[in-house]
Amino acid sequence: MTRALGFLTRRRGGAGWHWTDVVTFLWLGAGVAIMFGPALWLVLSSFKSPAQLAEFPPTLLPYEARTAVVEGYDRPLPLFVVTDEAGSRTLAEVRRVGTVAQMVDPENPGEIERVNIANRAPDRQVGFSWGNYLDPFLRFDFLNYTLNSVFVTVVATLITLLTNSMAAFALSKYEFRGRNLVVVLIIATLMIPLSVILVPLYSIISAAGLVNSLWGVILPTVATPTGVFLLRQYMLTIPDELLEAARMDHASEWQIYWRIVLPLTAPALAVLAIFSVVWRWNDFLWPLIVLSRQEVYTLQVGLNAYAGELNVQWHYLLAMTVITMIPVVLVFVFLQRFIASGIAGTGLK
Amino acid sequence: MKRLTQMAGAVVTAPLGWLAALIDPPLRLWQRVAGQKGMVGFFLLPNMAIFGVFVLFPLVVNIAYSMTTGGALFLADREFVGGAQYARLLTCQNYLDIRTCQEDQFWTAVRNTGTFVVLQVTLLVICATATALILNRELRARGFWRAVFFFPVLLSPVVVGLIWRWILDRNGVLNAGLVGVGLDPVNWLLDRNFAFAAAIGVTIWAHLGFFALILLAGLQAIPRDLYEAAEMDGTRPARVFWRITLPLLMPNLLVVVVLALIRAVQVFDEAYVLTGGGPGTATLFLTQYIYEVGFASLLKNPGLAAAASILMGGVLVVLTLVQLALGRRNERRGKLK
């Protein structure tokens with residue numbers, strides 16, 4: 001292993017394949033399969049019908065049974081490919097008794113054939129069960145959950161950006177007594193996770209009457225020390241001369257903040273905004289505690305509750321999981337490069 | 001990047017311009033009355049108020065909670081018992097046997113979390129280092145490969161848990177693979193050891209890209225000429241790794257290890273959705289214990305949950321101090337260079 005690592009740190013030089021190249025591409029290949037594979041599998045599975053999801057071994061693509069409208073029968077009949085001594089042909093099943101299926105030829109519906117079920121296979125084509133995606137919105141509360149999640153994400157991110165940038169502005173552009181104390185305090189709590197203060201936090205939210213309110217989910221998360229820290233570091237690089245010049249022109253401190261510092265901090269704000277969106281959209285433990293009534297569930301809590309039910313309806317669950325993934329995947333696809341530099345530069349998230 | 005900057009700038013200023021203009025006159029008045037100091041207060045207040053009420057205050061009150069008993073939610077209604085909750089958590093007749101502990105669930109959670117932390121962090125750091133080393137080679141489509149490993153980092157823990165629950169299901173695709181090569185299917189999430197391994201594997205899957213990215217940044221900061229000089233001297237690659245790459249990456253590696261430890265100690269979301277703590281208590285971790293005792297169980301015991309969370313917080317504070325010290329040392333070194 002260490003020898004392999006040693007080789008891998010070297011740049012690939014010269015022609016031909018070194019064995020380290022083989023290791024590299026094996027690792028990368030496995031990476032694609034293991035990292036992308038599960039999500040892809042989830043998406044493909046989310047289009048399967050309940051019957052198809054129960055199949056073992058599972059198929060890669062979603063299929064649906066072909067049916068035919070046959071004269072003399074009210075409902076469309078499922079088609080099967082029958083293979084026996086008489087050759088291979090496509091028949092429609094009328095009913096099944098034990099191991100014998102009564103089948104008709106769609107072209108010639110008059111006469112009923114008896115076929116051993118071992119000799120027939122469903123006639124299927126690739127087809128997507130879009131109902132998996134529609135039903136949860138029409139018949140269950142998922143529309144509500146989605147709206148709640150959107151509300152929490154948008155409002156929390158806006159408040160985070162505003163309050164964090166104001167605090168960062170004060171902490172980077174003004175000299176005052178106790179400034180270092182405030183900065184140290186913020187850094188000290190950088191890593192104190194919500195999970196350590198769950199009990200008192202819940203009692204505060206409860207005292208404020210915010211249990212089962214989306215504001216109870218939003219408020220404890222918006223004063224992120226990480227955000228203040230990141231924005232302050234960025235604002236420190238903005239030259240004070242710029243602020244002095246604005247003061248000469250009789251700009252108020254608020255105008256300096258809003259019209260000069262904030263636009264110049266845009267790159268850092270964008271990074272924080274991306275992360276705030278991802279964090280708030282993905283939050284789970286805290287909403288799980290605060291929200292106990294179904295109509296205020298966020299998507300994450302709703303999904304978890306749905307997955308915990310006794311007979312899990314996987315076809316709906318998988319589709320809703322895909323829906324939950326979409327915003328984050330969009331953020332990822334469009335802003336991947338930006339996120340990477342944000343993480344590498346600041347250790348955010 | 002430039003376009004995004006412009007976009008963000010436009011979003012921040014344009015639509016809210018009228019609002020900002022509306023706030024300005026009263027603030028100007030305030031500035032005249034209170035001077036610059038008053039403005040400091042104004043800018044700091046919103047964040048510090050929220051921070052104080054929802055982070056700092058609970059942090060202090062948590063200690064008070066941990067010394068009370070009963071089911072009442074508000075501190076004023078609770079009965080003071082001093083260190084009794086800690087005693088309950090920490091008392092065992094025989095410390096080598098969890099079953100003799102008064103609060104055996106707690107010790108199960110501690111043992112599980114401890115085992116998890118050691119195994120998960122070790123494997124995670126090894127995999128992340130290997131991935132970073134490989135991504136640091138001269139590859140085509142490097143952005144794509146980086147994205148491959150980073151992608152799961154942004155997924156929500158609930159989604160991660162559900163994806164893997166679906167794959168590890170009795171009738172899931174992993175068992176289909178096993179059957180395909182002639183093996184017996186396994187009840188991945190119903191077997192104690194497999195469920196624990198699944199919790200480790202899934203959390204590594206979800207966080208690998210994050211740590212690999214930090215290490216990759218560290219690798220890219222190593223000056224190229226060191227490698228060129230080594231190549232000129234004909235140094236063996238293994239030696240290059242041990243003498244150049246590893247020592248120069250060590251500061252980043254240490255920070256990554258501590259960060260991974262901090263995360264692993266708090267493991268909850270993915271594991272909870274994946275296994276719900278089961279089978280039995282095989283994947284019951286500390287955060288879930290706190291959640292169950294404080295909120296989910298019928299006999300809620302906020303005092304006990306608070307005491308447990310303070311014990312966990314103590315571990316996290318120590319780790320955080322180590323991390324800050326390491327980070328500061330790296331910063332100093334960076335400046336020296």
Side-chain angles (χ1 to χ4, degrees), chain A residues 3 5-12 24 27-28 31-32 35 38 41-42 56-58 163 166-167 169-170 174 176 189 191 193 195-201 203 206 219-220 222-223 252-254 258 262-263 266-267 269-270 278 282 284-285 289 300 303-304 321 324-325 328 332 336 343-344, chain B residues 4-5 8-9 12-13 20 24 27-28 31 39-40 43-44 46-47 50-51 54-55 58-59 61-62 65 73-74 133-134 137-138 145 147-149 151-152 154 156-159 162-163 167 171 173 176 179 213 217 237-238 241 245 262 266 268-269 273 287 294-295 302 305-306 309 313 320:
Chain A
R3 275 176 68 91
L5 292 180
F7 278 109
L8 291 172
T9 56
R10 233 180 125 199
R11 285 186 299 153
R12 188 171 143 206
T24 298
W27 189 276
L28 293 176
V32 174
M35 295 291 161
W41 177 246
L42 173 84
F56 188 84
T163 59
M166 281 170 72
F169 176 64
Y174 295 109
F176 58 94
T189 50
M191 298 284 176
S195 55
V196 173
I197 53 174
L198 289 178
V199 171
L201 194 56
S203 76
S206 175
L219 286 175
V222 291
S252 71
E253 299 300 312
W254 169 261
W258 192 263
L262 215 51
L269 285 171
V278 173
N282 289 348
F284 177 58
L285 176 59
I289 289 172
Q300 313 290 344
L303 263 185
N304 177 64
T321 309
T324 311
M325 261 168 65
V328 165
F332 172 75
Q336 189 263 119
I343 282 196
Chain B
L4 197 87
T5 311
V12 168
T13 48
D24 192 44
L27 278 179
R28 213 175 258 271
Q31 192 184 329
M39 293 314 289
V40 172
F43 283 114
L44 263 184
N47 196 66
I50 300 175
F51 181 71
F54 295 110
V55 181
L59 209 57
V61 170
N62 209 15
Y65 264 96
L73 183 59
F74 297 109
L133 288 171
I134 282 173
R137 305 190 78 203
E138 282 189 353
W145 295 114
V148 164
F149 288 94
F151 157 73
L154 294 180
S156 88
V158 177
V159 167
L162 287 175
I163 289 181
I167 287 171
N171 287 329
V173 70
V179 171
L213 213 58
F241 175 74
T245 309
I262 290 174
Q266 307 166 44
F268 174 73
D269 300 2
V273 177
T287 305
F295 302 94
S309 70
T320 304

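Labels below follow one simple rule: chain letters A, B, ... track the order of the sequence lines, proteins then strands, and each chain is numbered from 1.
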Checklist line | Beyond-backbone contact of A:Ser195 with A:Leu285, side-chain heavy atoms, under 4.5 angstrom | finding: yes

Check: If you measure only the distance, is there a donor-acceptor pair under 3.5 Å linking the side chains of B:Ser309 and B:Tyr65?
Finding: no

Item checked: Stepwise side chain to side chain contact (heavy atoms under 4.5 Å, CB included) test for B:Trp145 and B:Ile134 -> CA-CA 10 Å; B:Trp145 295 114; B:Ile134 282 173; over 6 Å; no

Next item on the list: Report the option among B:Ile163, B:Val61, B:Val55 that has the most heavy-atom pairs separated by less than 4.5 Å from atoms of chain A.
Entry: B:Ile163

Notebook entry, point to check: What residue, out of A:Ala167, A:Ala170, A:Pro200, has the most heavy-atom pairs lying under 4.5 Å from chain B?
Noted result: A:Pro200

Next item on the list: Indicate the ring-plane relationship of B:Phe43 and A:Phe169, choosing parallel, tilted or perpendicular according to the 30° and 60° boundaries.
Entry: perpendicular

Next item on the list: Could you look at B:Phe268 and say if it's the side chain, the backbone, both or neither that has a heavy atom under 4.5 Å from chain A?
Entry: side chain

Note to self: If I measure from the heavy atoms of chain A, does B:Pro152 come under 4.5 Å with its side chain, its backbone, both, or neither?
What the structure shows: side chain

Next item on the list: Give a yes or no on whether the backbone of B:Gln266 and the side-chain of B:Thr287 come within a donor-acceptor separation of less than 3.5 Å.
Entry: yes

Item checked: Side chain / backbone / both / neither for B:Leu59 at chain A, heavy atoms under 4.5 Å -> both

Checklist line | chain B contacts, top residue of A:Thr321, A:Leu28, A:Val222 (heavy-atom pairs, under 4.5 Å) | finding: A:Leu28

Check: What part of A:Phe332 lies closer than 4.5 angstrom to a heavy atom of chain B: side chain, backbone, both or neither?
Finding: both

Note to self: Closer than 3.5 angstrom, by distance alone: can the side chain of B:Asn62 be matched with the main-chain N or O of A:Val196 as a donor-acceptor pair?
What the structure shows: yes

Next item on the list: Among A:Leu198, A:Leu42, A:Ile289, single out the residue with the greatest number of heavy-atom pairs under 4.5 Å to chain B.
Entry: A:Ile289

Next item on the list: Spell out, as yes or no, whether a donor-acceptor pair under 3.5 Å connects the side chain of B:Gln31 to the backbone of A:Glu253.
Entry: yes

Notebook entry, point to check: Given the options B:Ala176, B:Ala305, B:Pro58, B:Pro157, which has more heavy-atom pairs under 4.5 Å with chain A than any of the others?
Noted result: B:Pro58

Note to self: Using side-chain heavy atoms (C-beta onward) and a distance below 4.5 Å, is B:Val158 in contact with A:Thr324?
What the structure shows: no

Note to self: Quick check on B:Val173 against chain A: is it the side chain, the backbone, both or neither that has a heavy atom closer than 4.5 Å?
What the structure shows: both

Check: Which region of B:Phe51, side chain (C-beta onward) or backbone (N, CA, C, O), has a non-hydrogen atom less than 4.5 Å from a non-hydrogen atom of chain A, or is it both or neither?
Finding: both

Notebook entry, point to check: Considering only heavy atoms, which portion of B:Phe149 lies under 4.5 Å from any heavy atom of chain A: side chain, backbone, both, or neither?
Noted result: both

